[in-house]
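Here's the structure we're looking at; comments come further down.
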Amino acid sequence: MDSEASDRFHEECAVVGVFGHLEAANLAYLALYALQHRGQESSGIVSSRGDALISHRGLGLVADIFRPEIIQRLVGTAAIGHNRYGTHGETLLKNAQPLVVEYAGGALGVAHNGNLVDADSLRAELERSGSIFQSNSDTEVVIHLIAQAAGEQLVDKVIEALSKVRGAYSMVFLSKDQLIAARDPMGFRPLVLGRVKDAWVVVSETCALDLMNAEYVREVEPGEVLVVSEDGLESLHPFPPVPPRRCVFEYVYFARPDSRVFDRTVYQVRRELGRQLARESSVEADLVTPVPDSGVPAALGYAEQAGVPYQLGLIRNHYVGRTFIEPTDSIRHFGVRVKLNAMPELMAGKRVVVVDDSLVRGTTSQKIVTMLRNAGASEVHMRICSPPTISPCYYGIDTPTREELVASSHSIEETRQYIGADSLAYLSEEGLYAFQPPEAERTFCDACFTARYPIPVSDVPEPRQLHLFDAFQAKV
Ligand code: AMP
């Protein structure tokens with residue numbers, strides 16, 4: 001596999017920024033810990049000591065990377081941090097963020113959640129004019145654009161650089177005396193502003209604010225640039241306004257259910273979508289069971305609406321990590337059982353509705369159906385709480401190529417046969433918005449379900465083949 005290509009398109013990540021707190025690095029650590037679900041490949045924190053930036057990055061999970069002595073070394077009252085997703089086997093420290101550079105204006109740290117759609121052409125242009133890149137990440141393009149920008153102040157340079165890129169970004173920048181946070185004009189990826197006493201913080205999701213004991217202030221608005229310094233907080237809207245396109249898949253799968261994302265609690269959205277799923281496609285059954293954890297709130301909503309008992313028929317091992325060693329063939333293939341186990345005591349002779357958030361390649365559903373049948377279910381009805389995933393994401397969610405998306409080339413009936421269920425139903429495109437009043441404006445990107453891309457992506461290669469083959473492993 002081409003390693004350049006393989007380091008793109010998996011920028012599902014988490015970012016944090018802290019300014020004005022004596023334990024800035026510690027707060028950043030807490031935020032990254034709460035945001036571990038957004039990225040498990042690598043993690044990093046950069047703090048500002050006032051006269052210099054100090055950084056630590058590592059591969060693996062937040063709690064393993066940041067030992068107490070490392071946090072102590074990250075002195076200063078401002079910090080930024082990042083968790084990187086990357087489901088691909090090849091884990092590269094050079095792509096870990098925050099990136100730190102020295103440019104004419106001083107030291108600068110950058111952390112990015114999202115994906116730029118024109119990074120390749122911008123990079124080629126920059127290389128032609130002499131820029132030398134150290135990583136494969138699209139974030140580095142922004143750094144080079146900042147280095148070349150004409151503006152006097154850092155914020156002017158950042159704005160000039162960002163006005164040249166297209167795509168999704170929720171970004172934080174740290175200089176020795178400033179924190180800058182920016183969200184792209186469509187607001188694909190989430191970013192929220194909070195306060196811990198006098199300190200300002202920005203984080204990807206509010207579950208991080210809870211752990212930091214921070215107060216939720218508001219969403220950083222699409223297209224907004226926040227500058228935090230000794231002079232306080234300044235809000236700028238430097239880009240021409242466009243209709244927002246927040247990522248609906250954050251609601252479906254990606255964000256933590258206890259987070260407030262795009263000003264709604266994710267749990268409530270998922271539960272309402274589960275209710276809608278039951279309104280659209282309920283079936284005679286004895287019990288409803290979720291695929292944990294992603295299907296839990298949706299299955300609850302489904303069960304409430306359909307009036308069918310809710311049971312935890314699949315139990316999840318929460319400690320499955322990336323280091324699980326598959327036994328040799330002579331033992332047996334563990335497959336999905338490593339992560340999930342069915343309860344025969346609940347299933348025997350029962351007509352079971354099983355609810356998951358999404359069906360991507362179909363391999364997970366296929367294994368779950370087999371597992372439920374082996375546990376004695378007399379009927380297995382698969383209900384998916386989102387529409388068929390038909391097209392890849394170019395704005396920061398890790399999806400496989402179009403060919404690997406089962407729904408891009410198979411009808412629902414063909415997919416049902418493939419996964420072996422008695423019935424299969426998805427949420428309708430209309431039903432996906434059941435969490436808001438019918439007359440409310442649709443301000444979301446749902447390209448993965450509709451192929452309607454809010455930013456044209458013709459100049460972008462398809463995501464590389466592959467990495468959802470271990471989607472289950474990735475969902476730590
Ligand atoms: P699949 O076997 O490819 O159909 O995978 C579907 C499962 O992967 C569902 O249980 C989803 O919860 C999960 N999933 C969906 N999208 C993603 C993603 N971008 N990253 C990791 N897991 C995902």
Side-chain angles (χ1 to χ4, degrees), residues 8-14 36-41 83-88 113-115 168 188-189 247-257 266 270 273-274 277 289-299 314 316 320 322 335-340 354-372 382-410 412 414-416 418-421 424 426-427 445-449 463-476:
R8 302 278 163 75
F9 301 112
H10 37 106
E11 301 304 327
E12 297 171 339
C13 299
Q36 186 75 81
H37 62 290
R38 296 185 74 86
Q40 302 98 43
E41 181 187 275
N83 286 342
R84 183 167 191 269
Y85 194 88
T87 52
H88 184 231
N113 173 207
N115 192 65
F188 287 97
R189 308 262 65 88
C247 168
V248 81
F249 198 69
E250 291 276 350
Y251 283 154
V252 168
Y253 169 77
F254 203 50
R256 239 171 74 161
V266 174
R270 290 189 188 154
L273 295 185
L277 186 61
T289 192
V291 178
D293 290 330
S294 53
V296 168
L314 290 163
R316 180 174 164 194
V320 177
R322 292 169 155 256
V336 79
R337 265 200 208 199
V338 179
K339 183 101 178 198
L340 293 174
V354 55
V355 180
D356 203 357
D357 65 284
S358 59
L359 193 152
V360 182
R361 300 186 326 151
T363 44
T364 305
S365 300
Q366 191 188 42
K367 289 170 183 164
I368 285 169
V369 172
T370 308
M371 187 183 271
L372 293 176
M382 180 62 76
R383 292 293 176 271
I384 302 295
C385 209
S386 58
T389 305
I390 55 166
S391 22
C393 176
Y394 296 95
Y395 314 124
I397 291 285
D398 184 35
T399 39
T401 57
R402 194 178 309 273
E403 295 73 57
E404 289 177 290
L405 298 171
V406 68
S408 73
S409 54
H410 295 82
I412 295 180
E414 285 166 345
T415 309
R416 181 198 69 74
Y418 172 65
I419 66 170
L424 165 68
Y426 293 86
L427 192 61
C445 173
D446 51 19
C448 51
F449 304 125
R464 67 226 148 71
Q465 297 260 333
L466 98 40
H467 37 252
L468 266 192
F469 75 94
D470 65 349
F472 253 88
Q473 247 79 340
K475 290 199 298 179
V476 173

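Residue numbers start at 1 and run along the sequence shown. Atoms within each ligand, like the ligands themselves, are counted from 1 in listed order.
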Ignoring hydrogens, just give me the one of Y85, F254, F249 whose non-hydrogen atom is nearest atom 20 (N) of ligand 1.
Y85
Mark the output for D398 as yes if a heavy-atom distance to ligand 1 is under 4.0 Å, and as no if none is.
yes
Purely on distance, is any nitrogen or oxygen of [X] under 3.5 Å from one on ligand 1?
| X | result |
| --- | --- |
| V360 | yes |
| G362 | yes |
| Y253 | yes |

Correct closest heavy-atom pair for C247 and R189 would be SG-NH2, 3.0 Å
If the cut-off is 4.0 Å to any non-hydrogen atom of [X], which atoms of ligand 1 fall inside it?
| X | result |
| --- | --- |
| E12 | 19 (N) |
| R361 | 1 (P), 3 (O), 4 (O) |
| D356 | 9 (C), 10 (O), 12 (O) |
| S294 | 12 (O) |

Indicate yes or no for a side-chain donor-acceptor contact from [X] to the backbone of [Y] under 3.5 Å, with no hydrogens or angles considered.
| X | Y | answer |
| --- | --- | --- |
| Q36 | G39 | yes |
| S408 | E404 | no |
| E12 | Y85 | no |
| T389 | C448 | no |

Contact partition for D357 relative to ligand 1, non-hydrogen atoms under 4.0 Å:
side chain
P292 vs L340 side-chain heavy atoms within contact, under 4.5 Å
yes
Would you check, one step at a time, whether the test salt bridge (charged side-chain N to carboxylate O under 4.0 Å, His left out) holds for D293 with R316?
CA-CA 8 Å; D293 290 330; R316 180 174 164 194; 2.6 Å; yes
